[in-house]
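Whatever order the structure lists ligands and atoms in, that order sets their numbers, starting from 1. All values reported here derive from a predicted model rather than from experimental measurement.
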Amino acid sequence: MPGALSVRIREACDRFQALYGSAPRVLARAPARVELLGNHTDYNGGLVMAAAIDRETIIVGGPSPERVARVASAHFDGVDEFGLGAIEAGPRSSWTTYVRGVCWAMAATCGGFEGGFNAFVIGDVPLGAGLSSSASLQSALGAFLLSLGVIRPPAGDEYPGLRTDAGRFALARVLNRSENEFVGVGSGLLDQVSCLFGRKDHAVYLDCSTYETRRIPLGEVALVVCDSRTSRRLADGMYDIRRGECEAGLDRLRQLTGRGAERLSEFRLEELSAHREEPETARWKRARHVLSENDRVQRGAHALEAGDLATFGRLMSESHASSREDFENSSQALDLLIESARESPGFIGGKLSGAGWAGCTINLVRADLAEPFAESVKARYNQASGLDPLVHVCRTAEGASAIEL
Ligand code: GLA
């Protein structure tokens, strides 16, 4: 067990003991994720390529006899206590809304809680940076609840579980449902699938229309996350606006082709090109981004399968250009980070990661040059903007897991 990790686990166990008066029985963990290709494709029924990274959420805990949950975190004050019979939302926009949401969705799918639990959360996923600290928390909690046995799904691949990919996929859908219906965030499946399916030295491929998942070897590259430290509040509302524009693009393509497609990704880029709108409308540009992203994911998967990282990196950089020009979800800070990265040693490719507008970029970097790369990006970005980005040199990591202590 790496030093920093074991220190963190010890701290979590000590703080659990001090809070609840007993030793924890289960330890669960789940990584954060980066989006490598396939930006804003997930809710359009498209293709995604992501990776789990070695920044993670850890949960330690044990059972309690009453059907009550008590949850505390190293990053926030207080203990959230709530009944597991009829789970209520609690204080809005608090981290515990995610915890309650997972409990709610797991109970709704798996038939309710048998007893309750106490838990303590710790981790090193940067919060609010676009690395999906929320899906990491959700996935760790899902793994924790299943392993503790306070929630027992019926047997069958359609129910959440950690032993098979089908069970993991069912868990991802339950976690996504908790985010959509309980937390009220209309995100797609990318985040939860990445946190659950990640594998060391691999990328995770997901087809959001057939639900096919694959792990594709990525090799021992560094994944360098550059956090612009610009507020994600700026992005408030933009995600839903873009979803609406994608819907409008879908409607228009349906009219033009007479095809009753349900998702934008059922159309091909050539079909869109055949119906070019002059001057280019927002809906047309958004659709071009999504359909060209699907294309890039497909080409990226072939490139990785052929061991061609250079092509994969180029596709990532093309993805960023498409975000900047067509989806308009980049920002000055994110563009500057990408420019700084492009001029730094070891750069293979880079793009914004996740929703966009703020947050971070993800860069594929030669492993042996990761540190000089990080230093160079910091210096170049600072020189151009006077600001200091946070740079995290990451490696790929395994998806969520749990063990009994
Ligand atoms: C956010 C959402 C994901 C996905 C990305 C954009 O991270 O949570 O579901 O839509 O944005 O690709």
Side-chain angles (χ1 to χ4, degrees), residues 30-53 97-98 101-102 125-139 169 172-198 203-209 211 213 225 227-228 232-247 263-265 286-287 289-297 300 315-316 319-320 322-324 326-331 334 351-362:
R33 68 95 187 91
V34 289
E35 173 194 289
L36 297 175
L37 281 175
N39 180 250
H40 286 265
T41 50
D42 58 355
Y43 56 83
N44 285 303
L47 306 177
V48 179
M49 188 90 80
I53 55 171
T97 310
Y98 282 90
V102 170
V125 181
L127 304 179
L131 298 176
S132 212
S133 54
S134 51
S136 171
L137 171 66
Q138 292 175 326
S139 304
F169 197 78
R173 295 191 72 179
V174 169
L175 301 180
N176 186 240
R177 179 179 171 200
S178 84
E179 186 154 4
N180 291 167
E181 294 178 31
F182 194 92
V183 182
V185 174
S187 53
L189 269 170
L190 156 73
D191 305 334
Q192 291 86 10
V193 166
S194 323
C195 297
L196 288 165
F197 280 76
V204 177
Y205 170 97
L206 166 67
D207 181 331
C208 295
S209 65
Y211 293 154
T213 53
V225 173
D227 182 354
S228 62
R232 304 240 305 150
R233 289 229 180 85
L234 290 174
D236 274 0
M238 291 309 290
Y239 192 87
D240 289 339
I241 291 175
R242 287 294 181 274
R243 280 192 81 136
E245 289 167 345
C246 289
E247 280 291 320
R263 316 287 278 278
L264 186 53
S265 297
R286 310 309 180 231
H289 174 71
V290 170
L291 301 187
S292 66
E293 279 292 271
N294 287 336
D295 205 50
R296 279 186 281 276
V297 176
L315 291 165
M316 287 176 72
S319 165
H320 186 81
S322 173
S323 276
R324 193 181 56 227
D326 278 352
F327 212 69
E328 296 176 272
N329 62 332
S330 188
S331 70
L334 294 173
K351 61 185 273 295
L352 63 83
S353 176
W357 295 286
C360 62
T361 61
I362 168 69

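Applying the ring pair (Phe, Tyr, Trp, His ring centres under 6.0 Å) criterion to Y98, with sequence neighbours excluded, gives no partner residue. In terms of the side chain to side chain contact (heavy atoms under 4.5 Å, CB included) criterion, residue partners of S323 (sequence neighbours excluded) are, by chain and number, N39, H289, N329, L352.
The contact set between ligand 1 and E35, taken as ligand atoms under 4.0 Å from a residue heavy atom, comprises 5 (C), 6 (C), 12 (O). Short contacts between ligand 1 and R33, defined as distances under 4.0 Å to a heavy atom of the residue, involve ligand atoms 7 (O). Near D42, meaning under 4.0 Å from one of its heavy atoms, ligand 1 places the atoms 3 (C), 4 (C), 9 (O), 10 (O). Within ligand 1, the atoms closer than 4.0 Å to a non-hydrogen atom of H40 are 6 (C), 12 (O), numbered from 1 in the order shown. The distance from ligand 1 to the heavy atoms of G188 drops below 4.0 Å at these ligand atoms: 9 (O).
For the pair L47 and T41, the minimum side-chain heavy-atom distance is 4.5 Å or more. Within the 4.5 Å cutoff, no side-chain heavy atoms of D42 are placed close to those of L206.
Look at Q192 and you'll find every heavy atom at least 4.0 Å from all atoms of ligand 1.
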For this session: Would you sort out whether D191 and S134 count as a side chain to side chain contact (heavy atoms under 4.5 Å, CB included), showing the intermediate values?
Result: CA-CA 9 Å; D191 305 334; S134 51; 5.7 Å; no

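Polar contact with ligand 1: absent for L189 (N/O pair, distance under 3.5 Å).
The aromatic rings of H40 and F327 sit tilted, their planes meeting at an angle between 30° and 60°.
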